[in-house]
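These notes concern the structure reproduced below.
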Amino acid sequence: MANSALQLTHLCSPNSAIPHETSLSPLYLLPRCSSLRETKQIQAAIVKSQLQHDISVVTKLINSCTANPSFSMDHARRLFDRIPQPDIILFNTMARGYARSHYPVRAVALFVRVLDLGLHPDDYTFPSLLKACANAKAIGEGKQLHCLAIKNGLLLNVFVNPTLINMYSECGDVDAASRVFDKILEPCVVTYNSMITGYTRNSRPNEAFALFRELQVSNLKPTYVTMLSVLSSCALLGSLDLGKWIHEYISKNGFDEYVKVNTALIDMYAKCGSLDDAVSVFEKMRFRDTQAWSAIVVAYATHGHGSKAISMFEEMKRSGVQPDEITFLGILYACSHTGLVDEGCKYFHSMVDYRIVPSIKHYGCMVDLLGRAGHLDEAFLFIKDLPINPTPILWRTLLSACSSHGNVELAKHVIERIFELDDSHGGDYVILSNMFARSGRWEDVNNLRKMMKDRRVVKVPGCSSVEVDNVVHEFFSGDGTHSESRGLHRVLDDLVKELKLVGYVPDTSLVVHAEMGEDEKEATLRYHSEKLAIGFGLINTPPGTTIRVVKNLRVCADCHSAAKLISMIFGRQIILRDLQRFHHFKNGKCSCGDYW
DNA sequence: ATAGGGTTAG
């Protein structure tokens, strides 16, 4: 903003008239402000030229306050409060700001004043308010606004449609969203996008693809935003073939010019198990923003390449791109899964340098980092000292660590904390019960089982799936009905025995070691991966068959699968994240086979 | 262009 600062000096000099229609006008500079400081400088120029009572000028100022990255609804509110008779445009502008702020409910609160003042909501009002409801997960208010939109004859408005669909699906009622969509006679591409996104965000990738197909055969053209959701659905399915098909479609249609699309491609490839393709997309990118860098850091981290994730993170900083909260999630994940406790703590504390306030997810990574490494008491104190209330998930992370490291006493204490918040999670009982069983405390096991029964806790079994030659084999925790289940158990028993021989504990701690896919550990892991391949090979498969999961997921993820199978055999809880990543095909056939 | 809009990957 060096240029505008120069121009401002001119503007603020005494007796300088404001040329309203030239590039020197403060109004012209407002949209170019990149910080609240600059917006305030323009405000000073506006006051100097006596324009501060002009409602249209204040509207522009407020818009500038809500532009990234200078976001300040507090300042916007101060400006708003000085206007004696705000009109609907000013209200709409404030509502849009609040909808995108940390306090979306305030948009709805402000709307009450609109009605009290007898102002009429228009086609700008509903999109902002519905967005606020989506962000606040306020489906009740959203439904009322839906009714009001109908009353005002705005149901078929092109701007209202997508936000209405978005509101329902963000509130988790994707069926309601779908009903709205079906009533729209001529949905525009943005409306299609919002519905495709709705299915994707609610983990219904097949319906997302069905709608994408419908969009393709309509006379509308998909946009790059369509591709973002479609890629995200690919990632949900975990289907690399489908992902490659979409990649070709993207290149053919020129969508690969968009940084966001390339970022979504990186994410898709990583989640479908092909780190190589993810890296190749990243390397071809000419411009890489924070999101693109984060995607590659996360890709390396989730594939177990912790130190590569760290070196990418350092390279990112060197090239002058600012990390954000997601980058830090990636780097903390990398550290915890690579056992780099000191580095992880260092990065966690460096977040403040980037003015990033840690979220519950960052705290979760820290608990995982400390817990996996066996620093259980430290992890416990970490949770105790948090500035926010811990969630059951946070305690659950520590509970798994207690299980890995066999600390029954701490586990008992932790589960009490969990039960204070949520006692309906079957997995928690199972973990502690197994810990009691391992130390021969059968009375405690029985008590826990009785407690589960009394509280009517249902166990939701974890599920893993392995795809061999387009046939998906699903395994549920504690279920031995798969035809090759016994054979698999035998191979995995052998694997566990060998792990014991090299000093590993056949426990969830296996996950810790299995994910250290680097340096001297790598050779060991490759060896065990082969064993695992033999294990998979037992599934009706002659030797030499391509086993996709094993082939594509590479060392670390192989072992992640191994860990999953082993955890299944030992009756442990399987993390939901794994379900997402590995749920690809159904009944031996690509679930999208109908559409392609 | 001349006060304000919808869908968005990590």
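Residue numbers start from 1 in every chain, and the chains themselves are labelled A, B, ... in the order their sequence lines are given, proteins ahead of strands.
- Shown here is A:K317, whose NZ atom has more than 12 heavy atoms of other residues, nucleotides or ligands within 6.0 Å.
- The distance from atom CG of A:N157 to atom C1' of B:dG6 is 9 Å, rounded to the nearest whole Å.
- Remark: C1' of B:dG6 and CZ of A:F181 are 14 Å apart, rounded to the nearest angstrom.
- Atom CD of A:E186 and atom P of B:dG6 are 22 Å apart (whole Å).
- Evaluated for a ring-ring contact (aromatic ring centres under 6.0 Å, His included) with A:F313, the options A:Y300, A:F328, A:W293 yield exactly one hit, A:F328.
- Among the atoms of the strands shown, only primed sugar atoms or phosphate atoms (P, OP1, OP2) are found under 4.0 Å from some heavy atom of A:R201.
- At the heavy-atom level, A:T163 lies under 4.0 Å from the strands shown only through sugar-phosphate atoms.
- Rounded to a whole Å, the CZ atom of A:R288 is 17 Å from the C1' atom of B:dA9.
- Going from atom CD1 of A:I165 over to atom P of B:dG5 covers 21 Å, rounded to whole Å.
- A donor and an acceptor atom, one from each side chain of A:D324 and A:T327, are located under 3.5 Å apart.
- In this structure, A:F287 atom CZ and B:dA9 atom C1' are separated by 19 Å, rounded to whole Å.
- Checked by distance alone, A:N166 brings no side-chain donor or acceptor within 3.5 Å of a matching partner on the base of B:dG6.
- At a cut-off of 3.5 angstrom, the base of B:dA3 holds at least one donor-acceptor pair with the side chain of A:D87.
- Contacts between residues 247-262 of chain A and DNA chain B, counted as heavy-atom distances below 4.0 Å, involve A:K260.
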Self-check item: Audit row: A:R286, A:E257, salt bridge (Lys or Arg N to Asp or Glu O under 4.0 Å) steps and yes/no
Solution: CA-CA 9 Å; A:R286 279 178 295 155; A:E257 296 294 314; 3.7 Å; yes
